[in-house]
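Below you'll find the structure, written out as structure tokens, and then a few comments.
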Amino acid sequence: MTALLQLDNIVKTFRKQGKAFHAVDGVSLAIESGQTFGLVGESGSGKSTLARCALRLIPPTSGTSQLDGQDLGALSRSQLRRARAGTGMVFQNPVAALNPRMRVQALVAEPLITHTRLRGPALQARVGELLDRVGLAAEHAQRLPHQLSGGQCQRVGIARALATNPKLIVLDEPTSALDVSVQAQILNLLRELREQHELSYLLISHDLEVVRYMSDYVGVMRQGQLVEEGPTADVFAKPRHDYTRELLDASPGSRHNHQLVASAEPVTIQL
Ligand SMILES: Nc1ncnc2c1ncn2[C@@H]1O[C@H](COP(=O)(O)OP(=O)(O)OP(=O)(O)O)[C@@H](O)[C@H]1O
Ligand SMILES: [Mg+2]
């Protein structure tokens with residue numbers, strides 16, 4: 001079976017104070033269709049850089065990224081744009097990720113205008129459908145980002161990511177800027193959407209409890225390298241690498257999100 005996303009030996013080198021350093025240092029991983037791969041690791045370990053290389057938002061220094069069997073590095077600019085329509089990205093700071101001068105309607109329409117031929121009433125209808133899907137009401141369509149809560153802004157971000165019916169969504173710290181109670185709502189929304197649309201996620205989070213709640217597979221990054229990888233239950237029960245053990249020990253497991261892990265049923269989303 002072809003993996004939905006297959007990364008082989010990705011290296012990304014930046015220059016820091018004149019010296020080259022590997023922000024990502026030979027990472028390989030595969031995400032199968034319908035799976036969620038959780039990526040954890042300390043700040044600066046290269047998680048976001050790896051995600052950007054995976055979608056080729058930046059070119060890796062070496063290594064390949066294949067989406068649905070297609071080597072993204074071998075595509076022309078227009079082919080790459082088309083391939084990227086099969087992916088979505090949700091960012092950490094939902095307010096900053098949205099153009100402050102654009103209304104929700106226009107923000108959600110933007111990817112549809114770029115990637116589809118929907119225009120006029122059909123476009124409006126699709127925007128309405130997407131807002132509904134992420135739990136926003138029609139009245140939100142005319143608001144500007146600053147007229148929404150952080151959680152509502154992240155719902156707009158998720159609607160934008162969903163617009164082109166992607167198979168894979170990269171979630172880069174999707175809840176870390178949100179209040180604790182709102183975090184649970186957004187995580188549950190993401191879980192519901194995953195079921196409804198058979199989505200795969202590459203989920204980046206420094207919060208181990210978030211990763212445990214959401215992921216089938218976990219990868220642990222340290223200084224640009226994937227030091228441990230495996231099914232979530234295994235990695236949490238029997239971490240092999242010292243660094244993973246350190247992370248687990250440092251994670252206050254009894255914290256708020258623990259209640260998420262304990263509850264088998266998704267918490268009802270309150271709007
Ligand atoms: N465009 C860039 N130019 C130079 N260095 C960069 C660039 N982007 C990232 N870096 C460096 O690469 C390293 C990895 O950064 P990256 O943002 O991928 O880490 P991260 O694991 O996502 O961290 P965080 O958890 O804080 O988001 C860091 O040392 C960062 O300073
Ligand atoms: Mg990051």
Side-chain angles (χ1 to χ4, degrees), residues 3-8 10 12 23-24 27-41 43 45-60 63-68 70-73 75 80-94 96-98 107-108 110-111 114-115 130 134 153-178 183 186-187 189-194 197-207 210-211 213-221 224 226 229 232:
L4 179 58
L5 180 72
Q6 170 103 38
L7 306 181
D8 282 299
I10 297 279
K12 182 67 185 181
V24 177
V27 172
S28 303
L29 62 85
I31 305 180
E32 306 293 341
S33 190
Q35 265 184 0
T36 294
F37 190 105
L39 201 55
V40 292
S43 181
S45 57
K47 306 180 296 294
S48 298
T49 304
L50 179 67
R52 286 193 203 108
C53 290
L55 300 187
R56 231 187 149 77
L57 299 171
I58 54 172
T64 56
S65 172
Q66 291 179 66
L67 187 67
D68 237 347
Q70 222 177 10
D71 178 359
L72 296 184
L75 302 182
L80 183 60
R81 195 170 339 117
R82 236 171 293 143
R84 277 214 204 99
T87 69
M89 186 135 188
V90 174
F91 300 94
Q92 171 167 0
N93 188 333
L98 303 174
L107 285 163
V108 177
E110 193 176 43
T114 306
H115 291 293
L130 285 161
V134 298
C153 279
Q154 197 55 303
R155 288 174 195 271
V156 174
I158 294 167
R160 279 164 60 87
L162 278 180
T164 54
N165 286 323
K167 290 186 185 167
L168 174 73
I169 298 186
V170 174
L171 306 161
D172 193 347
E173 302 274 9
T175 56
S176 43
L178 302 175
Q183 285 188 7
I186 296 295
L187 292 177
L189 171 64
L190 289 168
R191 281 172 63 128
E192 284 186 10
L193 292 169
R194 179 174 63 190
H197 304 287
E198 295 172 11
L199 294 168
S200 304
Y201 293 144
L202 173 56
L203 168 69
I204 297 172
S205 177
H206 64 268
D207 189 328
V210 167
V211 165
Y213 182 57
M214 296 290 291
S215 314
D216 308 296
Y217 265 74
V218 186
V220 180
M221 273 190 85
L226 200 62
E229 179 199 354
T232 304

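Everything numeric in this text was worked out from a predicted model, so none of it was measured.
Every residue two or more places apart in sequence or in another chain that forms a side-chain hydrogen bond (donor to acceptor under 3.5 Å, both in side chains) with Glu110 is listed here: Arg160. Remark: Thr87 engages no residue in a side-chain hydrogen bond (donor to acceptor under 3.5 Å, both in side chains) (not counting sequence neighbours). Partners of Arg56 according to the side-chain hydrogen bond (donor to acceptor under 3.5 Å, both in side chains) rule, which considers only residues two or more places apart in sequence or in another chain, do not exist here. Partners of Ala177 by side-chain contact (heavy atoms from CB on, under 4.5 Å), not counting sequence neighbours, listed by chain and number: Pro94. In this structure Lys12 satisfies the side-chain hydrogen bond (donor to acceptor under 3.5 Å, both in side chains) test with no other residue, sequence neighbours excluded.
Annotation: side chain of Glu229 is in contact with side chain of Phe37 (closest heavy-atom distance under 4.5 Å). No side-chain heavy atom of Asp207 sits under 4.5 Å from any side-chain heavy atom of Ser176. A 4.5 Å side-chain heavy-atom check between Ser200 and Thr36 finds every atom pair outside the cut-off. A 4.5 Å side-chain heavy-atom check between Ile31 and Leu7 finds every atom pair outside the cut-off.
Note on residues 164-175: pairs passing salt bridge (Lys or Arg N to Asp or Glu O under 4.0 Å), not counting sequence neighbours, are Asp68-Lys167.
Of the possible donor and acceptor atoms, one in the side chain of Arg155 sits under 3.5 Å from a partner among the backbone N and O of Val134. Here the side chain of Arg194 pairs a donor or acceptor atom with the backbone of Met214 at under 3.5 angstrom.
Of all heavy-atom pairs between Val90 and Gly157, the closest is CG2-O, 4.1 Å. When all heavy atoms of Val218 and Thr232 are compared, the closest pair comes out as CG2-OG1, 3.3 Å. Residues Gly224 and Val27 approach most closely at O-CG2, 3.3 Å, considering heavy atoms.
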